[in-house]
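Okay, structure first, notes after.
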Amino acid sequence: QVHLVESGGGLVQPGGSLRLSCAASGSIFNLVTMGWYRQAPGKQRELVAGISSGGSTNYADSVKGRFTISRDNAKLSVYLQMNSLKPEDTAVYYCNAVVPTGVIIPQSSWGQGTQVTVSS
């Protein structure tokens, strides 16, 4: 069964940095594109960064140039380095597979997420 555990969130001031980690289980981890999602109160969950099994990356325009996604396939882990943080980055951050448009990720597949709060 797939299991995802996010960590590394916290409270930081604007302009600060955080590094998020995601520890994954599952035999197909090394074959899939993984991503970081975030959800702010009252808003839809959005994909902010993705990384393929081969290391190709993509970013939402809102975080491009500030966030860096990486993965360590041997450790079945995904990371998100977050620099120059802004208050609008405040959200719960989750990792999960990146799936084609129209494919549903079951609610039960999401981990607990990790809270990132950017505030002065």
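- Taking the ring centroids of W110 and Y37, they lie under the 6.0 Å cut-off.
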Q) Yes or no on side-chain contact (heavy atoms from CB on, under 4.5 Å) for E6 and W36, after CA distance, side-chain angles and deciding distance? A) CA-CA 10 Å; E6 300 94 344; W36 283 96; 3.9 Å; yes
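- Residues Y93 and Q39 fail the side-chain proximity criterion, which asks for heavy atoms closer than 4.5 Å.
- Shortest non-hydrogen contact noted between R71 and V32 is NH1-O, 2.9 Å.
- Atom CD of E88 has more than 12 neighbouring heavy atoms from other residues, nucleotides or ligands inside a 6.0 Å radius.
- Residues F29 and V78 form a side-chain contact, since some pair of their non-hydrogen atoms from C-beta on lies under 4.5 Å apart.
- Between L18 and V116 the shortest side-chain heavy-atom distance falls below 4.5 Å.
- Residues L4 and Y79 are members of separate hydrophobic clusters, defined by side-chain heavy-atom contacts under 4.5 angstrom among Ile, Leu, Val, Met, Phe, Trp and Tyr.
- Residues V5 and H3 form a side-chain contact, since some pair of their non-hydrogen atoms from C-beta on lies under 4.5 Å apart.
- The distance from the CG atom of N96 to the SG atom of C22 is 8.0 Å, given to the nearest 0.5 Å.
- A40 and T90 make their closest contact through CB-O, 3.7 Å (heavy atoms, listed as atom of the first residue, atom of the second, distance).
- Cluster annotation: V98 and I105 are assigned to the same hydrophobic cluster (Ile/Leu/Val/Met/Phe/Trp/Tyr, side-chain heavy-atom contacts under 4.5 Å, transitive).
- Of the possible donor and acceptor atoms, none in the side chain of S62 sits under 3.5 Å from a partner among the backbone N and O of A60.
- Using a 4.5 Å cut-off on side-chain heavy atoms (C-beta onward), T33 and S52 make contact.
- For the residue pair R45 and Q107, the shortest heavy atom distance occurs at NH2-NE2, 3.8 Å.
- Within the structure, salt bridge (charged side-chain N to carboxylate O under 4.0 Å, His left out) pairs that include any residue of residues 20-43 comprise R38-E46, R38-D89 (at least two apart or interchain).
- Hydrophobic clustering, with ILVMFWY side chains joined whenever heavy atoms are under 4.5 angstrom apart, keeps Y94 apart from I69.
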(Q) I'd like to know whether V118 forms a side-chain contact (heavy atoms from CB on, under 4.5 Å) with K86, so could you lay out the CA-CA distance, the side-chain angles of the two residues, the decisive distance to 0.1 Å, and finally the verdict. (A) CA-CA 6 Å; V118 185; K86 304 174 180 179; 5.5 Å; no
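- Shortest non-hydrogen contact noted between N83 and S17 is OD1-OG, 2.9 Å.
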Q) Under the side-chain contact (heavy atoms from CB on, under 4.5 Å) criterion, do R66 and Y59 qualify, and how do the steps go? A) CA-CA 10 Å; R66 300 187 297 119; Y59 300 92; over 6 Å; no
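- To the nearest 0.5 Å, atoms CG (N30) and CG (N73) are separated by 4.0 Å.
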Q: Decide yes or no on side-chain contact (heavy atoms from CB on, under 4.5 Å) for V92 and T114, but give the supporting numbers first.
A: CA-CA 5 Å; V92 179; T114 185; over 6 Å; no
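- In this structure, P14 and S120 approach most closely via the heavy-atom pair CD-N, 3.7 Å.
- Taking each heavy atom of R19 and S70 in turn, the nearest pair found is NH2-OG, 4.2 Å.
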